[in-house]
Amino acid sequence: ETGVTQSPTHLIKTRGQQVTLRCSSQSGHNTVSWYQQALGQGPQFIFQYYREEENGRGNFPPRFSGLQFPNYSSELNVNALELDDSALYLCASSLGVGGPNEQYFGPGTRLTVT
Amino acid sequence: AQSVSQHNHHVILSEAASLELGCNYSYGGTVNLFWYVQYPGQHLQLLLKYFSGDPLVKGIKGFEAEFIKSKFSFNLRKPSVQWSDTAEYFCAVNARIFGNEKLTFGTGTRLTIIP
């Protein structure tokens with residue numbers, strides 16, 4: 001059983017650029033959630049995808065968007081990067097929605113915006 | 001909206017000391033509760049969870065937590081800590097309603113164990 005994987009590990013971008021982060025869910029999981037963890041803070045929910053549809057969104061602007069593919073892997077896209085977008089971006093996978101589900105986290109992608 | 005408060009930002013203990021980390025949540029309905037741990041250089045790992053039933057739940061590495069519904073609390077405990085418990089600990093909650101699967105995290109407690 002493979003765990004959640006994310007790529008790339010680290011990324012440096014310039015303000016105004018666009019970035020795509022990738023996540024492969026744990027084997028058998030059909031739900032992917034994305035979180036932003038700023039330095040010294042707890043993870044903040046960005047959005048969740050279940051069976052390729054968005055299933056809930058946190059307080060993030062529309063320039064944060066996502067996709068889920070038929071194999072349940074997922075992408076997080078951020079347009080018009082701002083300095084405050086510098087953070088650790090975490091992906092978590094789980095099995096289904098509407099029940100007592102645990103989320104399993106990947107190692108994260110460290111994004112630095114200069 | 002749900003929220004989580006962790007009262008201790010940084011806790012420093014000697015090995016073999018007892019540990020209790022506070023966690024309070026704000027939500028009027030039924031919740032699922034979690035404690036996650038982030039060891040230095042590693043990803044978030046689930047320590048323990050509460051969904052229903054016995055309010056005293058046991059997790060990995062000797063940790064346990066007690067859900068006290070009347071106090072909206074889910075404190076984490078360990079009777080005797082080890083140096084290897086040095087890590088960041090996060091309490092998290094999600095409201096048990098269909099379509100709301102997001103985890104709301106506290107700001108975390110950094111635990112430093114002195115050998």
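Naming convention: chains lettered A, B, ... in sequence-line order (proteins, then strands); numbering from 1 in each chain. Note that this is a predicted model, so its numbers are computed, not measured.
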Discussion item. Under 4.5 Å from any heavy atom of chain B, what part of A/Ile46 do you find: side chain, backbone, both or neither?
Written reply: neither
Discussion item. Under 4.5 Å from any heavy atom of chain B, what part of A/Tyr35 do you find: side chain, backbone, both or neither?
Written reply: side chain
Fill in: CA sep, side-chain torsions, deciding dist, call: B/Phe105, A/Phe45, ring pair (Phe, Tyr, Trp, His ring centres under 6.0 Å)
CA-CA 9 Å; B/Phe105 284 83; A/Phe45 177 74; over 10 Å; no
Discussion item. Is it true that, when you exclude A/Arg15 itself, more than 12 heavy atoms of the residues, nucleotides or ligands shown sit nearer than 6.0 Å to its CZ?
Written reply: no
Worksheet item: Among A/Ser33, A/Gly42, A/Pro43, which has the most heavy-atom pairs under 4.5 Å with chain B?
Response: A/Pro43
Worksheet entry | For B/Tyr50, the option from B/Val31, B/Leu33, B/Asn32 that meets side chain to side chain contact (heavy atoms under 4.5 Å, CB included) | B/Leu33
Worksheet item: Which atoms of B/Gln38 come close to chain A, meaning under 4.5 Å heavy atom to heavy atom: side chain ones, backbone ones, both, or neither?
Response: side chain
Worksheet item: Most heavy-atom pairs under 4.5 angstrom with chain A, which of B/Leu103, B/Val4, B/Leu44?
Response: B/Leu103
Worksheet entry | Geometric cation-pi criterion B/Lys78 and B/Phe63, 6.0 Å radius, 45° cone | yes
Item to complete: Take A/Tyr49 and A/Phe47 through the test ring pair (Phe, Tyr, Trp, His ring centres under 6.0 Å) and record every step on the way to the result.
Response: CA-CA 7 Å; A/Tyr49 280 84; A/Phe47 43 56; 5.4 Å; yes
